[in-house]
Each structure stands twice: as structure tokens, then as C-alpha cells.
Amino acid sequence: MQHLKKYGAILILIMVFPIARFIANNLVLEASDDIYTYIPQESDFIIEINTKNFISEIGYRRLFEENYFMDKVYPTEEGEKPEEKYVDSGINFFSKVVLFREQWADESIWLALVQYNDAEKVKKYITDQIPNARFEYDNEYMVIQLSPSSSQENLDEHLKKISNKEVKGFTERVNLKAIFSPDNEINCYIIPKRTPHNQLIEGYLSFNFLTDHIAVEGSFTPVPGFNDTAPIAYAINDDKALSMRSSLNLFNSIYWFSQEKIENVPEYAQLAFDYDGAEMFLVHRNQGYSTPFKSFPNADLHFDIIGQDIWDSFFDSLKVADGITIDTSKHLITTVEGASIQYVRGDNTFELTQNGINLSPSAEKQLYFDLQLKLDPMLDKVVFKVDPENPPSTLEQSIGIGVGYSMIESIREVAKMESVVFQITGTDDDLVKASGRIDMKEKNGHSMVESLSFGHGAILFLTDYF
């Protein structure tokens, strides 16, 4: 009888969480869709995080894969006790969390919507992560400004109107309830920038966290006459750490893997981009760069251009742009942060390259966007050196090079992903399909647990760069 009681107790313990998980998913914790009514109609990027699904899966891993979970989420040195990471944030995590972006003049503003239990705890929790965050709230939901604005007074008034539901709602434009499935961990709705040559009107993506990878699926609505759009003309370069091809006008800024970027890039027929690391030279502070390093990204960026006159005007605007120096005799573009790259102008092309571009034709007939990224090879090919012409002091050399490699190793440790692939393809109907996969390095764990360590950094990346 005692044995029966013992085994019965064990059985009950094993059953408790699956039953609780079933109740959480199907009975008690069905999150309200009321949060959608606060999203402004002019938003162009909406991210919904179904925290209920995350709590259910993470709780399951915590109970049934304790050693793995603790090792990943609470890593400690031998003999140390795990540091408690739970924080009473005041957010109701059984509700949805929504991030959305609005375009204000020449800036993009990211905001968040959360249902709260304790407003003051939410404020403290958010400002500990983002000190300049701003808040407005009613008796149930809080709107949080995540990124700074140069028109803060106007934005403060806008936050109040959002909180009071005095702005036109996004649901009058799109029925998110019909599109966003509560079964997905993350749902996204995207409205690309409207330009004469942009071929996509709007689209939807979902992200689901599976055992060893994150699955990405979605679809986009193309403009009328999309079937006349040419597929990608150039094949992915498998030898590069990052390779991207596109015949869609989705990218109108050139990023330097920093805050610096070239904006308002004109429309193009084809884009081909390869990146294979960078050489980073530690320089003396008297060189006037805003960072300690002079960098030479091993990058190739090729455009098949539309409208020679427009691209001529674009290039002329670069000559007088703040933070950019163009040496026409050496055909060299340099930013204030010290990134330098050669440029090549042709009758129908524009290129940025270090060593020349070698493109191979693509045989794909309905492929309009193709991306492949391999993280470790990208990090492996970032090399730190001392600039031989303008070296800093010996002390600065030893510290600077060490800091550079330490930063790379920190990224490698936090970013648990192995590779990313993403494609946009045409179909025989009126939709364009999107599909992708983010593979994790750990094959015997779970992608959601692996993602916990870099989730916070990913949100900060969004607020800084998009």
C-alpha cells in the first residue's frame, strides 16, 4: 500500500503540469483581443507576442528538463547558487504584449502595449532597461514609448490620445483578430514603405519556436501587375557568411552595422549583398573617428539601378551628407565612424565593394528574395588589428584589441542561433509566400529556452535600428 501511495504521488506530480498546461492553453488563460483597439491606424509594423504560449512551454521545460533549463537560463560557476531572475514587473503576462512602429517625420518610433497589474512596477521594470521610456495608461492597458523622439512634446500628446483611444484604430484598417493566430508564439503585420516601385502592399509573418529551430511562415499581398516583376537575377553565394538577393524594393537604407546609415536609396531592379566579416584597425584618437576603430567591411553591395538621373542625384547628395566623406579620386566612401569601402558606378549599376564583385546568375523562376546567414563564420571573420600608420599608445592597444575580441565572444555566447534562411516566393494565386528557418546551435534543447538569453537584446536591437 505504501508503494502504491508513493508511485501514486509521483504519478500525480507528473500529471500536474500537463493538466495545468492544458487548462492554460484551452480554458483559463485565453488572452483578450481588446489590446488591438489601442493600436493606431498609421502603424506600419506590428508585433504580437503571445506570452501565454511562452509561459506554457518554458514552464514545461523547467519541470521536465530541469538540468538543461537551469544550465541555459541560470548559468553559474561551480559552487555558486543560481541568481534569481524572476522580477515582478507588474505586467500581466497572461495577456498579449504588442509592439508597434509609427513613422514620425524623419524618425521611426517604437511603442509597446501591455496589460498591467501594477503601473508603478511596470514603470520601474521598463526604465531599468530603457531609461528614457515614456508612459501613458488607462485603468487596464499601458502604452510605452521605447525609442526616443526629437518631437517629444508632440509625441507625449500622442501617447495620451492612444491611451484614451482618441486615434483611429488599426482594426478599422485590418482585422488583426482574423489574421493573428493565438496558436503562434509571435505574429507580425508589416506594411512596407510606399514607393512607386515597391511591389508589396502588406504582409503577415508568424514565428513558432520548435525543438531545434524557429519556423517562419507568412504571406504578402502584392501590387496589381506583380507577375511582371522579375525574379532575383543572381544566386546566393554559399561561401559568404551573409548573402542576400532581392528583386523587391524592400531596403532603402544602407547600414554599416552601426548607427550610421545611408538613407533614401533610390529604387532598383536587383539587389545583391554579401558580407564576410571585417578588418578592424585600432587607431589613434587624433584621427577624429567617433569610434576607436577604422573598419574595412568585407562586403559587396550591388544594385541594378532604375533611372540613371535619380541615382546621379543620390550620389551627389552623398557628397554633402553629414558623416560621409567621398574621395572621388580613389573612389572611396568613408563614414564618421571610420568605415571605408570602394564604390563603382556604371551606366546601369552601382556597387560598394572592397575587392570586386563576382555574381553568378540565378535559375530560380519565382524567387524574389533570398537570404542566408551563418553566424559563427561571420564572427570568425571579424579581425582586430592595430593600425600601422596611426597606432594608439601601447596601453590602448592592449586594452582595445582585448575589448574587441571580448565583444565578439560575448555575441557568440549570447546568440544561440546557428543559421538563418528566409525566402519570398511567388505563387499561382494573388499572394506571395514567405518562409524561413532559424536553426539553433543546441540540437537537443528547445529553441524557446535557447532564445531566452538573447530575447532582451533583440528587443533593444529593434528599438535602436528599426
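Hydrogens, waters and symmetry mates are skipped; everything else that's a heavy atom, side chains included, is used.
- In this pair, F54 and F209 present their aromatic rings perpendicular. The plane angle is above 60°, beyond the 30 to 60° band.
- You'll find the ring centres of Y116 and F135 outside the 6.0 Å limit.
- The two atoms that bring L113 and I35 nearest to each other are O-CD1, 3.5 Å, heavy atoms only.
- Contact between S340 and Q354 at its shortest, heavy atoms only, is O-NE2, 2.7 Å.
- Using a 4.0 Å cut-off between a side-chain N of Lys or Arg and a carboxylate O of Asp or Glu, R245 and D274 qualify as a salt bridge.
- Scanning for salt bridge (Lys or Arg N to Asp or Glu O under 4.0 Å) contacts around K177 gives D33, with sequence neighbours left out.
- Aromatic ring pairs are classed by plane angle as parallel below 30°, tilted from 30° to 60° and perpendicular above 60°; the pair F350 and Y343 is parallel.
- Using modelled atom types and a 3.5 Å distance limit, the side chains of Y125 and D118 yield no donor-acceptor pair.
- In this structure, K165 forms a cation-pi arrangement with Y38, its terminal cationic atom sitting closer than 6.0 Å to the ring centre and no more than 45° off the ring axis.
- For residues 120-142, every residue pair satisfying the salt bridge (charged side-chain N to carboxylate O under 4.0 Å, His left out) rule, not counting sequence neighbours, is listed here: D88-K121, E120-K123, K124-D128, R134-D156.
- In the model, N198 has no side-chain atom that pairs as donor or acceptor with a side-chain atom of N249 under 3.5 Å.
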Please report, to 0.1 Å, the donor-acceptor pairs under 3.5 Å made by any side chain of residues 276-284, with sequence neighbours excluded.
residue : atom : partner : partner atom : Å
D276    : OD1  : A241    : N            : 2.9
D276    : OD1  : K381    : NZ           : 3.1
D276    : OD2  : K381    : NZ           : 3.0
E279    : OE2  : K385    : NZ           : 2.6
H284    : ND1  : N286    : N            : 3.0
H284    : ND1  : N286    : OD1          : 3.3
H284    : ND1  : N286    : ND2          : 3.4

